[in-house]
Amino acid sequence: MRTWAKLMAASALAAAPALAQDAGPPMGPLRPDQVEFRALYKELVETNTTLSAGSCTLAAEKMAAHLKAAGFKDSDLTLFSTPEHPKEGGLVAILQGRSKTVKPMLLLGHLDVVEAKREDWTRDPFTLIEENGYFYARGSSDMKAMDAAWVDILARMKKAGTVPKRTIKLALTCGEETTYAFNGAEWLAKNKPDLIAAEFALNEGGGGRSDGHGKVVSQSIQVGEKAVQNYKLETFNPGGHSSVPVRDNAIYELADAIAKVRDYEFPVVLSDTTRAFFAKLGATRKDAMGAAMLAIAKNPADAEAAATLSKDRSYHSMLRTTCVATLLDGGHANNALPQHAAANVNCRIFPGESVERVQAALATAIGDPKVKISFVPPIRPPAVPPPLNPKIIGPAEKLVAKYFPGVPLIPSMSTGGTDGIFLAAIGIPVYGAPGGWGDPDGNGTHGLNERRSVRSLYVGRDFLTELVKTYAEMD
C-alpha cells in the first residue's frame, strides 16, 4: 500500500493540470516511466494490425510478454484465437484483487486498426514518428494509445506489488474496425463470459477536445452508444433491350427509394445521457445553440430547438436514429435494362430502438412494396445505455477538475459504435474514459496521417492511471 501511495503521488505531480492546457514548447526530458511507456506504445503502434496484412495475434502476444516480464503468471494470461482466424486473436489478463465480494472491473481495447496505404500517407503509417508535438502513425490515436496505457498500468501495478481491492481485468481484442471480421469482444461475450465478467468496463469513446492550439476546452465520458445495422434495399425487373426503355426500371425504383430515405427524419428522442449532455453543454454557452440545448433538454418535443440543433451534423445525429445510403450496385450490361439494383443503407440506431422497428420505418418512408428491405449480417445486439452511475461519473469529474481546471466533464453518447455493445449485451455497463484529447479536425483518425498529441499521450496515460486505481479501491 505504501508503494501504491508513492506511485499515486508521483503520477499526480507529474500530471500537473497546466501541462495539459499549455500549447507551449515541446515537453522536457521524459521521466524513466514515461520512457518505458513510450517504448511500449511504439512497439504496439509499429505492429501492423490491419485486417489485410497485419496480425492482432502478434500484438496480443507482445503485450502478454510485457505483462509476463512485469510478473504476471501464465495462469493470469489468456491468449485466444480461432483456427478460422489465426491472426485475429486477443488477450485477457487478470490482476487479482484483495476482495472476494467486490466485483472486478474490465479494461477493454481493440488492437486492430483501419487500413493505411503507404503511398497515400506523408509518412510511413507503421513507423511511429514524433514531429512538431505530435506522434504520427496509424493507430497512434485510435486506439493504441489507450491499449498501451492499459498494459502499462497493469504492468506497473504488478511490478510495484500492488494488490487492489477490486480485481482488474484487461481484454485486448480484434475486429472492431471491420464489420465482417472476426470480433474478439463478441467471441468473449458469447464463449468466455465468466472470464471477462465485471461490474463495469472502461473503453474508448470518451476524452477531450482541444481548441486546435493545445488548450483543452472540454472532456467527455461516454455513457452509451448507438447500434450499427446495415440494410439492403433491392429492386427487381424482367429487364430487356435498352433500345426500347420503359419507366418500369429497377435502377429508377431504387433511386426513388434512396431519395425517400434521404428525406426521412427519424423522430427526436433523448436518453438520460443525451439529456444531461445538452443540459450541461448548453449551460456553458451563451448563444442560440446553447439556448436550443437547454430547451431540448427540458422538452424533446420542442421543434424549433431541434431544428436549430440539427444544423450541426453531430447534434443532429445525437437526437435521433440516422440512416444513409453508402453503397450502390445495379444493372448487368451497358445495353440492357437493369434486372436488379441494390443499395446498402447504414443505420446508427438510438439506444432502446430495435433493428426491426427501423426496418419497418424505412419501409413506411419508402412506401413501395416492390422494394425489398433486408438485414445485412452481422445483426448486432441492441444498444443498451449504461446508467449515469455516480460511482463512475463522480471520480472522473474530480480528476477532470484536478487535471483540467475549469473544463467540464460532459456525459456523451457516441453516434458511432464500439465493441462495448457486446459487453452491454451480457450485463456489463461500458463507459468511455476521459483523459486524453484530440483536435477539432479529428486528428486523421480513420483517415490520412493519423496523429496524437504528445502531451495528450503522456497526460492521458497519467490520468487513466489515477482513474483506474481510484475505481480499483472503490466498493
Side-chain angles (χ1 to χ4, degrees), residues 179-180 183 185-186 189-190 205 222-235 253-254 256-278 296-297 299-303 305-307 309-310 313-327 342-388 412-430:
T179 302
Y180 53 82
N183 188 287
E186 181 180 23
K190 290 181 177 179
Q222 181 179 309
V223 188
E225 62 186 72
K226 286 185 169 182
V228 182
Q229 182 60 51
N230 290 292
Y231 298 85
K232 189 175 185 179
L233 308 187
E234 293 180 278
T235 53
E253 289 175 354
L254 180 66
D256 290 341
I258 292 172
K260 290 176 180 177
V261 171
R262 175 198 63 197
D263 295 338
Y264 178 70
E265 282 276 62
F266 283 83
V268 171
V269 59
L270 294 183
S271 65
D272 290 343
T273 298
T274 55
R275 183 176 287 104
F277 172 87
F278 286 119
I296 205 75
N299 178 18
D302 190 324
L309 291 171
S310 293
R313 59 190 296 187
S314 61
Y315 301 149
H316 172 270
S317 185
M318 287 185 68
L319 287 171
R320 53 178 61 81
T321 292
T322 61
C323 293
V324 60
T326 56
L327 294 170
N344 186 83
V345 172
N346 179 267
C347 295
R348 305 301 174 121
I349 302 174
F350 201 90
E353 188 64 271
S354 70
V355 294
E356 292 81 10
R357 287 182 63 181
V358 172
Q359 182 187 40
L362 290 173
T364 300
I366 292 169
D368 184 352
K370 290 187 293 183
V371 178
K372 180 182 177 182
I373 307 173
S374 57
F375 299 113
V376 177
I379 301 175
R380 296 186 173 186
V384 180
L388 287 166
S412 65
M413 178 194 72
S414 172
T415 56
T418 74
D419 281 341
I421 197 167
F422 300 115
L423 273 60
I426 60 171
I428 304 174
V430 182

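Source: prediction; values computed, not measured.
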- Taking the side chain from Thr274 and the backbone from Ser271, do they hold a donor-acceptor pair closer than 3.5 Å? yes

- Just wondering, do Phe266 and Glu353 contact through their side chains at under 4.5 Å, heavy atoms? no

Please report, to 0.1 Å, the donor-acceptor pairs under 3.5 Å made by any side chain of residues 372-388, with sequence neighbours excluded.
none

- Message: List the residues meeting salt bridge (Lys or Arg N to Asp or Glu O under 4.0 Å) with Arg262, not counting sequence neighbours, and say none if there are none.
- Response: none

- Note on the structure: Nearest heavy-atom contact between Tyr315 and Leu309 is CB-O, 3.4 Å

- Query: Excluding sequence neighbours, so at least two apart, what forms side-chain hydrogen bond (donor to acceptor under 3.5 Å, both in side chains) with Lys370?
  - Reply: Glu253

- Query: Just how far is it from atom SG of Cys323 to atom CD of Gln359, taken to the nearest 0.5 Å?
  - Reply: 11.0 Å

- Locate the shortest heavy-atom distance separating Thr321 from Lys226; write the atom from each residue and the value. CA-NZ, 4.1 Å

- Task: Identify the heavy atoms of Arg348 and Asn346 that sit nearest to each other, and give their distance.
- Result: NE-OD1, 2.9 Å

- Query: Partners of Asn344 by side-chain hydrogen bond (donor to acceptor under 3.5 Å, both in side chains), sequence neighbours excluded?
  - Reply: Asn230, Thr326

- Derivation of the side chain to side chain contact (heavy atoms under 4.5 Å, CB included) call for Ile366 and Leu233: CA-CA 10 Å; Ile366 292 169; Leu233 308 187; 4.1 Å; yes

- For Arg275, what residues pass the side-chain hydrogen bond (donor to acceptor under 3.5 Å, both in side chains) criterion, not counting sequence neighbours? none

- Message: Before you tell me yes or no, could you show the steps for Leu319 and Phe278 under side chain to side chain contact (heavy atoms under 4.5 Å, CB included), namely the whole-Å CA-CA distance, both residues' side-chain angles and the distance that decides it to 0.1 Å?
- Response: CA-CA 10 Å; Leu319 287 171; Phe278 286 119; 3.7 Å; yes

- Message: Checking Ser414 now: which residues fulfil side-chain contact (heavy atoms from CB on, under 4.5 Å) with it, not counting sequence neighbours?
- Response: Gln222, Glu225

- List for me each residue that meets side-chain contact (heavy atoms from CB on, under 4.5 Å) alongside Ala306, sequence neighbours excluded, and say none if there are none. Val268, Ile296

- Task: With sequence neighbours left out, write down each residue that passes side-chain contact (heavy atoms from CB on, under 4.5 Å) with Thr364, or none if nothing qualifies.
- Result: none

- Message: Test: ring pair (Phe, Tyr, Trp, His ring centres under 6.0 Å). Region: residues 347-373. Which pairs qualify, not counting sequence neighbours?
- Response: none

- Item | Minimum-distance pair of heavy atoms, taken over all atoms of Cys347 and Leu362 | SG-CD1, 4.2 Å

- Task: Give the minimum heavy-atom separation between Leu270 and Ala297, together with the two atoms involved.
- Result: CD1-CA, 4.2 Å

- Task: Determine whether His316 and Thr322 make a side-chain contact, defined as any pair of heavy atoms from C-beta on separated by less than 4.5 Å.
- Result: yes

- Residue pairs passing the salt bridge (Lys or Arg N to Asp or Glu O under 4.0 Å) test with at least one member in residues 416-427, sequence neighbours excluded, are none

- Considering all heavy atoms, the nearest Ala227-Ile421 contact: CB-CD1, 3.7 Å

- Query: Would you say Tyr231's side chain and Val355's backbone share a donor-acceptor pair under 3.5 angstrom?
  - Reply: yes

- Item | side-chain hydrogen bond (donor to acceptor under 3.5 Å, both in side chains) partners of Lys260, counting only residues at least two apart | none

- Item | Partners meeting salt bridge (Lys or Arg N to Asp or Glu O under 4.0 Å) with Glu265 (sequence neighbours left out) | Arg320

